Chemist: 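The structure under discussion is supplied below as structure tokens; questions concerning it will follow.
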Amino acid sequence: MAKKALITGIRGQDGAYLAKHLLDNGYQVIGCDRRRVDLNNWRLEHLGIENDVEYIYMDLLDEGSIFRTIQRTQPDELYNLAAQSFVGISFDQPLLTTQVDAIGVLRLLEALRMLKPDCRFYQASTSEMFGEVRETPQTEMTPLNPRSPYGVAKVYGHFITKNYRESFDMYACSGILFNHESPLRGIEFVTKKITNTIARIKHGLTDKLTLGNIDAKRDWGFAKDYTYGMFLMLQQDIPDDYVLATGQTFSVREFVEIAFKKINVDLKWEGEGLHEIGVDKNTGKTYVEISEKFYRPAEVDLLLGDPSKAKEKLGWVAETKFEDLIDIMMDYDFKDVENSLK
Ligand code: NDP
Ligand code: GDP
């Protein structure tokens, strides 16, 4: 009989890539959906799997819906990808973020403990837990020091998962994933904002890209590689936590420079701080501006992961390199904007 996987956050970036991988490997995939006004299913449609996933209504804020879902579906594997996942908004909605990203994990673990304790559980932990980093590069052993309500809530989700593994002998793992991007990334995240805006600049739909702190550095990989790593974590003999990362870090500024080259704009930087601008070396035209609006009350300056454990124990590596990731995202956005004009 086919294995049954339950995915929370099915309509998010990672939910789509993970569902595709599991379906390709013969799984029955059940996606948990919360009630939404907009029924847009573009990510699953892009991967051609919108009709292959079965949907069930479940909200991480609603305990009853979680218990009913576990009771009805009796999953073999549960991937908890649902979250209020945007760091910026977590400063505006800290309680909601905590309810979903921290207590939501506990609700799921409690339901599994009572109704399906042999279900394998994956928790989407994050490099944001390292926050103001205590060492570089960051490993599974690096002390956590989060810098946002999102990071703090995820620390709770991380440790409660470890606690249920140790207390109740459950197969529960956390993947400490560094930033991973793709054409299916949410538009509010900096990479997708950059690639989408540049594609719109190319077609004359806008003329500038406005950003916040462009000196922040991230270890950026491709989401499809990372969802494969999640799958591997649930196929081991012993449950454990793993860092998934590329082992390379780049600034937002570097991402912007490379991405603008795709529309033949060679940027140079002038001015400082909020007055800094990115100018086309050849024409003098300003393409990038800085605004306080996109700065965070507390910033994570540098993330750089050490994925050695995942490589050694899971045989996992981040296959897609930084420049290839930008190419993949830019190609998609060029076509996407072009199609929207037809
Ligand atoms: P997305 O923001 O793309 O997707 C999050 C999903 O969670 C959405 O489908 C959303 O539903 C759902 N969701 C939000 N609130 C609730 C709720 N109360 N009940 C049920 N579902 C809810 O995130 P990603 O796919 O990028 O990330 C997946 C997970 O990995 C997240 O937990 C994120 O925090 C974590 N992570 C992501 C990283 C990254 O770089 N992408 C890095 C490290 C960790 P809806 O579609 O209805 O809005
Ligand atoms: P995060 O690492 O989960 O916070 O992912 P984001 O893509 O939201 O942000 C990555 C980094 O880019 C952070 O350090 C942000 O402060 C920085 N950044 C700079 N300008 C922007 C912007 O306009 N939007 C976003 N989302 N981030 C920005």
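Everything quoted here is computed from the prediction, not taken from an experiment. Counting starts at 1 for both ligands and their atoms, following the listed order. Sequential numbering from 1 along the given sequence is applied to the chain's residues.
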Chemist: For atom 35 (C) of ligand 1, which of Ala124, Gly9, Gly31 has the closest heavy atom?
Modeler: Ala124
Chemist: For the residue pair Asp306 / Thr139, report whether a side-chain donor-acceptor contact shorter than 3.5 Å exists.
Modeler: no
Chemist: Would Tyr295 and Leu274 satisfy side chain to side chain contact (heavy atoms under 4.5 Å, CB included), going step by step from the backbone distance to the final call?
Modeler: CA-CA 10 Å; Tyr295 272 78; Leu274 289 176; 3.8 Å; yes
Chemist: Looking at Arg120 and Glu77, is any side-chain nitrogen of the basic one under 4.0 Å from a carboxylate oxygen of the acidic one?
Modeler: no
Chemist: So which protein heavy atom does atom 21 (C) of ligand 2 come closest to, and at what separation?
Modeler: Val190 CG2, 3.5 Å
Chemist: Please say whether the positively charged group of Lys311, taken as NZ for Lys or CZ for Arg, lies over the ring of Tyr242, i.e. under 6.0 angstrom from the six-membered ring centre and within 45 degrees of the axis.
Modeler: no
Chemist: Considering heavy atoms of the protein only, find what lies nearest to atom 2 (O) of ligand 2 and give residue, atom and distance to 0.1 Å.
Modeler: Arg218 NE, 2.7 Å
Chemist: May I ask whether Ser127 places a heavy atom under 4.0 Å from ligand 1?
Modeler: no
Chemist: Run the numbers for me: atoms of ligand 1, each under 4.0 Å from some heavy atom of Val100, listed by number.
Modeler: 15 (N), 18 (N)
Chemist: Distance under 6.0 Å and angle within 45° of the ring axis: does Lys335 meet both against Tyr332?
Modeler: no
Chemist: Going by the order shown, which atoms of ligand 1 are within less than 4.0 Å of some heavy atom of Asp14?
Modeler: 25 (O), 27 (O), 28 (C), 30 (O)
Chemist: Would you mind checking if Asp333 and Lys192 are paired as a salt bridge, meaning a charged N to carboxylate O distance below 4.0 Å?
Modeler: yes
Chemist: Can you tell me which residue and heavy atom of the protein come closest to atom 12 (O) of ligand 2, and the distance to 0.1 Å?
Modeler: Val252 CG2, 3.5 Å
Chemist: I need the nearest protein heavy-atom contact for atom 20 (N) of ligand 2: residue, atom name and distance, please.
Modeler: Gly212 N, 2.8 Å
Chemist: For atom 6 (P) of ligand 2, tell me which residue out of Lys192, Glu181, Arg296 has the closest non-hydrogen atom.
Modeler: Arg296
Chemist: Are Lys162 and Glu166 ion-paired here, with the side-chain N under 4.0 Å from a carboxylate O?
Modeler: yes
Chemist: Taking Arg253 first and then Glu276, would you say they form a salt bridge - that is, a charged N and a carboxylate O separated by under 4.0 Å?
Modeler: yes
Chemist: Going by the atom numbers of ligand 1, which of them fall below 4.0 Å from some non-hydrogen atom of Ser125?
Modeler: 43 (C), 44 (C)
Chemist: Within the 4.0 Å heavy-atom shell around Arg36, which atoms of ligand 1 are there?
Modeler: 45 (P), 47 (O)
Chemist: Looking at atom 23 (O) of ligand 2, what's its closest protein heavy atom, distance included?
Modeler: Lys193 NZ, 2.7 Å
Chemist: When you measure from the centre of the six-membered ring of Phe250, is the NZ or CZ of Lys217 closer than 6.0 Å and no more than 45° off the axis?
Modeler: no
Chemist: Could you tell me whether Arg34 approaches ligand 1 through its side chain, its backbone, both or neither, with non-hydrogen atoms closer than 4.0 Å?
Modeler: side chain
Chemist: Any idea which atoms of ligand 1 are less than 4.0 Å away from a heavy-atom of Arg185?
Modeler: 26 (O), 39 (C), 40 (O), 41 (N)
Chemist: Can you sort out which atoms of ligand 1 are near Tyr150, meaning under 4.0 Å from one of its heavy atoms?
Modeler: 33 (C), 34 (O), 35 (C), 36 (N), 44 (C)
